[in-house]
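Sequence lines set the chain letters: A, B, ... in the order given, protein chains first and strands last, and positions in each chain run from 1. Not measured: the values here are computed from a predicted model.
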Amino acid sequence: MIQPILITAGKLISTLSKVLGRGNGSTWPGHIALSTNPTFIHQILKKNPHLKIILVIGTNGKTTTSKMIATILKNTNKTVIQNTSGANLLNGIASTLLLHASITGKIKAGYAIFEVDENAVPGVLAQITPFAIVVLNLFRDQLDRYGELDSIVKKWNDAFVSLPTTTHLILNADDPLIAYGGHNTKTTTVYYGLAEKDMHQKALAHGADSIYCPRCSTKLTYKHISYAHLGVWKCPNCKLQRPDPTYTFTNVPLPLTGTYNKYNAYAAMSLARAIGLRQDVITTSLKTMPPAFGRQETLSLDGKQVQLFLAKNPTSFNQSLETITTQKAKHVLFVLNDRIPDGRDVSWIWDIALEEYLYAFQSVTLSGDRVYDMAVRIHYAQTAKQPTPKITVEPDLTKAISQALTDTPQDETLFILPTYSAMLDVRKILTGKKIL
Amino acid sequence: MTAHTLTIGWLYPDLMSIYGDRGNIIVLQKRAEWRGIKTTIVPISLDTKPTTLTTCDLLLMGGAQDRQQTIVATDLAKKKDVLKQMIEEGTPGLYICGGYQFLGTYYIEADGTQIEQLGLLDFYTKHPGDQAKRYIGNMAFETATFTGKNTTYVGFENHGGRTYLGKHLTPLGTVFHGSGNNGEDNGEGLLYKHSIGTYCHGPLLPKNPEIADWLIQKALEKKYHQEITLSPLDDTLAYTAREKVLAKLGK
């Protein structure tokens, strides 16, 4: 039974927390709803059997992919509700449902897209039978919080097995651990992956995670590699291999650059195709999509362009470095924090391939709570062979941004690579307002 | 000083190198090269012959996920005798987290299953059960082993297992923030001859250059049978980074 009072109270709490400036009200109402009624989500969904829920999970790309899916659906006149990117636990989902419900618990929207934290997946699937799950990738990320990849994927698989045939499971064929996630499910499964001609990496990067067979633990062989441990893989022992992608996408113009965004787009488009949308409609929808905040988002300050590339773990940092290098980046600012959303352990910066990219830059400014850890990392990335870029170590973020902008000539772009909490801080300084 | 060379054996770089443990290799290599010591990194992995190990002057093994450790355990058994001899002869080595636990006699899993380890040194590790607290966080320990000037070192620990040293073994240092080996006796890691076992990721060596230099020095002294003095390097950034961690820990 959904109590109207619970919904009214939740909405009131959300409004109050916004007015009082305590967070954005995106998790509190759900938190209170769930503590008053632990089956709140299950019950509100029972009242709304028309609501199709799409979950987006994986280490990197959740926010961008969710935005792509929402853009496509909205372009085909579907109504969509979404959780905000930081609110990706059960309480964030409960809040989103609550805030979009009428007093009697009715939700008008046809679709709900929820990005879900890696650890929250089993708990969410215990309460929700989704219309679709889009699974992106698994990379080492915040091991202090998430633990090891194998244990995460094991929990996911255990939850996937009980999903019905009506659930669409959209899996990344190029990520061995993810592709194997569909092996014993009853779901309607679709695979996506890059075309071989779009895979350009010559060797596995250091720190490539899942390069041993998920079934028999033999080292995999790769015919092509796109990045990290993603590619056309095969097990020489048990012959498990990368599934063929269900759909092929040729000459589709994409709104964001970078190999990682190609995967995000292919995931979103595969879902759209799986639910019967036409490719030309999908292509038109995506073409002009603006980036999600902090993900290749462009801002300007003092007449100079600033572009933000979220860099929150080794793979996302490497992909950001690769992408800005193809854009001829000369001036960069790295901001390393170790707050709870970033992970407390900054060891991961030693898995970044900084040595490969550092010398393309003219100025490198460093900031963040762990600025000296990053300074030590850069110190050891230098070689005598090439001239070192100008390096500035500035713990104060406002001063660091100002210094980096001073180092960036008038018609050039400053590329900022921040961790998650650092990205919020940078945006706050650049736009003069808080966003979360 | 005539041109010295240093060969670093990196045990299982593709399997036992989670948590940025590669940083230790980068630091050893750079600090040697900045002093004109030519270094070679030899990856020791599955199917590498045990005799390849003996070409190495310094060894390093990092931590890993459970599945990777299972793969390594089978292979490491074949290299056990060579590794034991090298450790006993004083070949310097840095063994981190899972790599450290391997050197002991056994590991008792959360469900009570006892897994044989290499048995090279007299210590064991026990996981106290699924409900027990995992030791996660910045940590600091003290030791006077590496230089007279500094006795304080930092790292980041992340382990469920508790390690208990046999009575003839000495820890690497005394923990004054964090948990270290077992959260009970204030010991962190293990120092045996020139081999270091530790729970410190971070990685250990970038913010603790004294330990890196000690490993390089001991490796060269053993190789060239002479006393080695390494020329000083500018470690201001590393010291500042370390002080910031200590300040964060409230010391």
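- Of the options A:Leu321, A:Leu310, A:Val335, a side chain to side chain contact (heavy atoms under 4.5 Å, CB included) to A:Leu417 is made by A:Leu321 and by none of the others.
- Only the side chain of A:Glu355 comes within contact range of chain B, judged by heavy atoms closer than 4.5 Å.
- A salt bridge does not link B:Asp57 with B:Lys218: every distance from a Lys NZ or Arg NE/NH1/NH2 to an Asp or Glu carboxylate oxygen is 4.0 Å or more.
- Among residues 201-208 of chain B, the residues having any heavy atom closer than 4.5 Å to a heavy atom of chain A are, in sequence order, B:His201, B:Gly202, B:Pro203, B:Pro206, B:Lys207.
- Between A:Arg377 and A:Asp351, none of the side-chain N atoms (NZ, or NE/NH1/NH2) sits under 4.0 Å from a carboxylate O, so this pair counts as no salt bridge.
- Contacts of B:Asp234 with chain A are made by backbone atoms alone, with heavy-atom separations under 4.5 Å and no side-chain atom involved.
- Between B:Phe146 and B:Trp214, the distance separating the two ring centers is shorter than 6.0 angstrom.
- Within 6.0 Å of CG on B:Asp47 lie no more than 12 heavy atoms contributed by other residues, nucleotides or ligands.
- No side-chain donor-acceptor contact under 3.5 Å links B:Gln29 to the backbone of B:Thr39.
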**OP:** Please assess A:Ser347 against A:Asp345 for the test side-chain hydrogen bond (donor to acceptor under 3.5 Å, both in side chains), listing each intermediate value before the final yes or no.
**Re:** CA-CA 6 Å; A:Ser347 303; A:Asp345 183 1; 2.5 Å; yes

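- Applying the salt bridge (Lys or Arg N to Asp or Glu O under 4.0 Å) test to pairs two or more places apart or on separate chains, those with a residue in residues 7-27 of chain B are A:Lys219-B:Asp14.
- Chain B forms more heavy-atom pairs under 4.5 Å with one residue of A:Ile352, A:Val376, A:Ile211, A:Thr218 than with any other, namely A:Val376.
- Using modelled atom types, no side-chain atom of B:Glu142 and backbone atom of B:Gly173 make a donor-acceptor pair closer than 3.5 Å.
- Between B:Phe141 and B:His177, a ring centre-to-centre spacing not shorter than 6.0 Å is recorded.
- Heavy atoms closer than 4.5 Å to chain B are found nowhere in A:Ile349, neither backbone nor side chain.
- Note: B:Tyr199 and B:Tyr135 fail the aromatic proximity criterion, with ring centroids not under 6.0 Å apart.
- Of all the listed residues (B:Leu15, B:Asn138, B:Leu46, B:Thr70), the one sharing the greatest number of non-hydrogen pairs under 4.5 Å with chain A is B:Leu15.
- Proximity to chain B among residues 359-369 of chain A is not found for any residue, judged by heavy-atom separations below 4.5 angstrom.
- The cationic atom of A:Arg215 (NZ for Lys, CZ for Arg) does not lie both less than 6.0 Å from the six-membered ring centre of A:Tyr180 and within 45° of the ring axis.
- In this structure, B:Thr236 OG1 and B:Glu243 CD are separated by 10.0 Å, a value rounded to the nearest 0.5 Å.
- For A:Trp233 and A:Tyr212, the ring centers are positioned 6.0 Å apart or more.
- Residue with the most contacts toward chain B among A:Asp338, A:Leu204, A:Val346: A:Asp338 (heavy-atom pairs, distance under 4.5 Å).
- Side-chain rings of A:Phe334 and A:Phe317 approach one another, their centers coming within less than 6.0 Å.
- Under the 3.5 Å distance criterion, the side-chain polar atoms of A:Asn172 are left unmatched by any main-chain donor or acceptor of A:Ile178.
- Within residues 391-401 of chain A, no residue has any heavy atom under 4.5 Å from a heavy atom of chain B.
- Heavy-atom distances place no part of B:Ile25 under 4.5 Å from chain A, backbone and side chain included.
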